[in-house]
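First comes the structure, then the notes that go with it.
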Amino acid sequence: EVDAGTFGFVLGPRLNAAGRMGSAMVAYELLTTRDRDRAAELAAKLEAFNGERRGVESRIVAAARRQCGLEAGTFGDAAVVVDVERGDALPARAGFAGAIVTGSAAMVTERLDWSERSAGWLREAAHAGLPLLGICYGHQLIAYALGGEVGDNPRGREMGTVCIELADAAGADALFAGLPARFPAQATHLQSVLRPPPGATVLARNPHDACHAYRWGTRAWGVQFHP
């Protein structure tokens with residue numbers, strides 16, 4: 001089933017390096033499609049991801065739907081896609097159930113105008129209780145917006161299939177509870193969250209990156225790896 005209601009909006013969706021849909025994009029379209037045949041195709045594609053990662057995407061999506069208070073059973077309204085890097089205006093929060101902030105080739109430390117405007121929007125949204133999920137650049141941008149520190153990882157670039165290790169706190173988290181203690185995921189980044197925002201809980205790490213995932217409050221998450 002695909003949930004009803006407006007799921008949220010996505011900042012700057014991207015294809016992976018091979019030009020194919022990554023699992024996050026598959027999950028996103030699955031949540032927003034109105035076509036039942038397309039939904040069945042996407043669900044099968046999501047299940048086809050191999051290895052220990054199988055089930056990770058569907059669990060994250062299911063938890064995100066519950067966290068956003070969406071009801072299952074019908075096909076939903078379309079999400080709103082906002083590409084602020086290309087000049088799209090940030091929308092008012094009213095009427096949105098949540099927001100997903102995706103990756104970018106930019107660096108948070110460049111303090112680009114569109115990124116700074118997005119950080120301000122995200123800061124206000126987080127304090128207002130809007131559910132947020134930041135992925136890669138989005139993970140770093142939300143951390144920066146909430147007072148964390150983002151910068152070049154002293155170990156250099158992390159790229160490829162990497163091992164993610166859950167912290168103890170992940171066992172009670174709405175998104176991460178029930179996931180394997182260690183699982184492989186895709187990642188590519190030069191910068192990292194060097195210091196999480198005040199009050200944030202680190203949920204995952206590995207030897208390269210001490211903050212691969214965090215939760216701030218009860219409704220804002222960041223993941224450096226690509227779900």
Side-chain angles (χ1 to χ4, degrees), residues 8-12 14 24 60 64 67 82-85 90 93 98-160 162-176 179 182-183 185-227:
F9 67 89
V10 182
L11 299 180
R14 297 288 186 267
I60 288 177
Q67 184 68 26
V82 179
D83 192 338
V84 290
E85 188 172 1
L90 289 159
R93 294 192 306 275
I100 299 173
V101 191
T102 64
S104 172
M107 301 291 177
V108 170
T109 55
E110 293 177 311
R111 307 288 191 263
L112 299 173
D113 177 70
W114 63 265
S115 184
E116 293 293 294
R117 286 190 290 108
S118 299
W121 192 99
L122 291 165
R123 184 182 306 111
E124 293 180 1
H127 283 286
L130 184 73
L132 303 174
L133 174 62
I135 301 170
C136 198
Y137 188 86
H139 158 84
Q140 298 171 18
L141 188 60
I142 293 174
Y144 162 70
L146 295 172
E149 180 185 356
V150 174
D152 292 345
N153 190 305
R155 297 176 181 85
R157 178 182 288 277
E158 182 178 45
M159 185 173 185
V162 303
C163 182
I164 304 299
E165 303 171 3
L166 295 186
D168 291 343
D173 182 76
L175 291 189
F176 286 83
L179 295 181
R182 296 164 58 93
F183 59 88
Q186 299 304 305
T188 178
H189 62 110
L190 282 168
Q191 297 199 327
S192 293
V193 174
L194 303 178
R195 177 174 50 81
T201 300
V202 174
L203 299 172
R205 58 174 65 91
N206 69 8
H208 189 94
D209 195 327
C211 183
H212 244 290
Y214 63 84
R215 183 188 68 249
W216 183 89
T218 61
R219 292 190 167 195
W221 288 267
V223 293
Q224 182 62 67
F225 63 90
H226 302 173

Nearest 0.5 Å, please: how far is [atom2] in [Y] from [atom1] in [X]?
X	Y	atom1	atom2	value
Gln186	His226	CD	NE2	8.5 Å
Arg157	Ser192	CZ	OG	11.0 Å
Leu133	Arg215	CG	CZ	13.5 Å
His189	Asp152	NE2	CG	11.5 Å
Thr188	Leu190	OG1	CG	7.0 Å
Trp114	Leu90	CH2	CG	10.5 Å

Is a donor on one side and an acceptor on the other found under 3.5 Å between the side chain of [X] and the backbone of [Y]?
X	Y	answer
Asp173	Leu203	no
Arg155	Pro207	yes
Glu124	Trp121	no
Arg123	Ile142	no
Ser104	Ala106	yes

Can you name the closest pair of heavy atoms from [X] and [Y] and give their distance?
X	Y	result
Pro197	Trp216	CB-CD1, 3.9 Å
Gly148	Pro198	N-CD, 4.4 Å
Ala187	His212	CB-CE1, 4.4 Å
Leu141	Val108	N-CG2, 4.0 Å
Gly103	Cys136	CA-CB, 4.4 Å
Ala213	Phe176	CB-CZ, 3.7 Å

With a 4.5 Å heavy-atom cut-off, do [X] and [Y] have their side chains touching?
X	Y	value
Gln191	Thr109	yes
Asn153	His208	yes
Val101	Ile135	no

Phe225 vs Phe183 aromatic rings, parallel, tilted or perpendicular, using cut-offs 30° and 60°?
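It falls in the perpendicular class, over 60°.
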Pair Val150-Leu194, side-chain contact (heavy atoms from CB on, under 4.5 Å): steps then yes or no
CA-CA 5 Å; Val150 174; Leu194 303 178; over 6 Å; no
Can you name the one residue among Glu165, Glu158, Arg182 that meets side-chain hydrogen bond (donor to acceptor under 3.5 Å, both in side chains) with Asn206?
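The side-chain hydrogen bond (donor to acceptor under 3.5 Å, both in side chains) with Asn206 is passed solely by Glu158 among Glu165, Glu158, Arg182.
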Electrostatic pair Asp209-Arg205, nearest N-O below 4.0 angstrom:
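The answer is no: the pair does not qualify as a salt bridge.
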side-chain contact (heavy atoms from CB on, under 4.5 Å) partners for Pro196, two or more places apart
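side-chain contact (heavy atoms from CB on, under 4.5 Å) check on Pro196 returns Ala200, Val202, Cys211.
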Taking only residues two or more places apart in sequence or in another chain, which ones pass ring pair (Phe, Tyr, Trp, His ring centres under 6.0 Å) with Tyr144?
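With neighbours one apart ignored, the set is empty.
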Which residue pairs pass the side chain to side chain donor-acceptor pair (under 3.5 Å) test with at least one member in residues 130-142, sequence neighbours excluded?
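Non-adjacent pairs meeting side chain to side chain donor-acceptor pair (under 3.5 Å): Ser115-Tyr137, Gln140-Gln224.
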